[in-house]
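One structure is given below, encoded as structure tokens.
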Amino acid sequence: MPTTGSAKQPTSELDARYSSALNPRPGAAEVTATEWAEAERRLAAAEIFWVSTVRPDGRLHVTPVIAAWHDGVLYFSTGPGEQKARNLAHHAHCALTTGTNSLSEGLDLVVEGQAEPAADPAVLEEVIAAYEAKYGAHITSPEGTFHGFGDGIRKGDVVVFAVVPETAYGFGRRYGLFTHTRWRF
């Protein structure tokens with residue numbers, strides 16, 4: 001089970017084919033790859049992610065989840081009988097995406113990796129704390145949408161999956177300039 005992400009920083013490359021670097025508009029020549037530190041900051045701050053898994057028959061399954069970025073690992077959860085958990089038991093590779101719905105500004109992120117169940121009680125307590133710090137009253141308040149989340153994890157009612165990034169992508173938009181960054185771990 002992964003408990004920490006890659007100790008080394010990923011390599012970053014700008015894919016000029018899908019960036020403004022090859023487009024003659026003003027400022028395009030200065031387009032560069034997005035720094036991994038910026039991607040990590042956005043992963044830590046994002047509230048909603050979309051997880052893509054593959055059903056045993058090969059069909060895709062995409063659903064929104066909450067997730068926490070902690071020690072270089074992206075953690076998300078589900079009930080043990082839910083479709084995404086059943087899919088991951090069959091095929092652990094998945095992608096988590098987050099970003100904006102704006103065509104003119106933002107940074108969309110895709111993290112690809114193997115989703116492995118997190119089972120170490122010490123790591124799970126750290127992940128619970130990361131969720132509580134990030135989502136606050138949504139998890140800690142009796143009126144919160146996910147109240148009891150930590151206890152559900154401790155009792156095994158909620159499965160937490162850890163995804164150590166293998167490859168990640170960033171699709172940036174700013175003032176009409178576009179970037180496509182790939183990070184390899």
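Source: prediction; values computed, not measured. Residue indices begin at 1 and follow the sequence shown. Note: hydrogens, waters and symmetry copies are ignored here, and every other heavy atom, side chains too, is used.
Separating the OG atom in S77 from the CD1 atom in I66 is a distance of 5.5 Å, to the nearest 0.5 Å. Remark: S12 OG to R184 CZ distance equals 11.0 Å, nearest 0.5 Å. Taking CD1 from I128 and CD from E125, the interatomic distance works out to 4.5 Å, rounded to the nearest 0.5 Å. How far NE2 of H61 is from NZ of K84: 6.0 Å, rounded to the nearest 0.5 Å. Atom OG of S52 and atom CG of N87 lie 10.5 Å apart (nearest 0.5 Å). Of the inter-residue distances, the one linking T100 atom OG1 with E105 atom CD reads 8.5 Å to the nearest 0.5 angstrom.
Although no hydrogens or angles enter the test, the distance criterion places no donor-acceptor pair under 3.5 Å between the side chain of T98 and the main chain of A46. Side chain of W183 to main chain of V111: no donor-acceptor pair is present (N/O by atom type, distance under 3.5 Å, no hydrogens or angles).
Contact annotation: the side chain of H90 approaches that of P56 to within less than 4.5 Å [non-hydrogen atoms, C-beta and beyond]. The shortest side-chain heavy-atom distance between R173 and D108 falls under the 4.5 Å cut-off.
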Go through it in stages, so that I can follow the logic: the residues are H180 and R17, the test is side-chain contact (heavy atoms from CB on, under 4.5 Å), and I'd like the CA-CA distance, side-chain angles, deciding distance and then a yes or no. CA-CA 8 Å; H180 176 181; R17 297 172 301 166; 6.0 Å; no
Working note: F185 + T167, criterion side-chain contact (heavy atoms from CB on, under 4.5 Å); need CA distance, chi angles, decisive distance, verdict. CA-CA 6 Å; F185 294 81; T167 303; 5.6 Å; no
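Below 30°, between 30° and 60°, or above 60°: for W69 and W36 the angle between ring planes is above 60°, a perpendicular geometry. Ring planes of F171 and Y169: parallel class, angle under 30° (limits at 30 and 60°).
Under 4.0 Å is where a charged nitrogen must lie from a carboxylate oxygen, and between E13 and R182 at least one such pair does. Salt bridge annotation for R55-D57: absent, with no cationic side-chain nitrogen under 4.0 angstrom from a carboxylate oxygen.
In this structure, a donor-acceptor pair under 3.5 Å is absent between the side chains of R86 and T53. Side-chain N/O atoms of W50 and T97 include no donor and acceptor closer than 3.5 Å.
At a threshold of 4.5 Å between side-chain heavy atoms, the hydrophobic network of Ile, Leu, Val, Met, Phe, Trp and Tyr places V110 and L96 in two separate groups. I48 and V62 fall within a single hydrophobic cluster, where Ile, Leu, Val, Met, Phe, Trp and Tyr are joined by side-chain heavy atoms under 4.5 Å apart, directly or via other members. A single hydrophobic cluster is seen to contain both V65 and L124, as judged by linkage of ILVMFWY side chains at heavy-atom distances under 4.5 Å, directly or through other members.
Of all heavy-atom pairs between V31 and L14, the closest is O-CD2, 3.6 Å. Nearest heavy-atom pair across A67 and L74 is CB-CD1, 4.1 Å. Contact between G79 and A85 at its shortest, heavy atoms only, is O-CB, 3.5 Å. The two residues V163 and C94 make their nearest non-hydrogen contact at CG2-SG, 3.9 Å.
In R174, the CZ atom is not crowded: 12 or fewer heavy atoms of neighbouring residues, nucleotides or ligands sit closer than 6.0 Å. In this structure, E47 places its CD atom where only 12 or fewer heavy-atom neighbours from other residues, nucleotides or ligands lie under 6.0 Å away.
For the ring-ring contact (aromatic ring centres under 6.0 Å, His included) test with F76, the passing option among F49, F161, Y131 is F161; the others fail.
Taking the side chain to side chain contact (heavy atoms under 4.5 Å, CB included) definition, one finds that R42 meets it with E38, L107, L109, sequence neighbours left out. Every residue meeting the side chain to side chain donor-acceptor pair (under 3.5 Å) condition with E126, not counting sequence neighbours, appears here in chain and number order: H70.
Note on residues 133-145: no pairs pass salt bridge (charged side-chain N to carboxylate O under 4.0 Å, His left out), not counting sequence neighbours.
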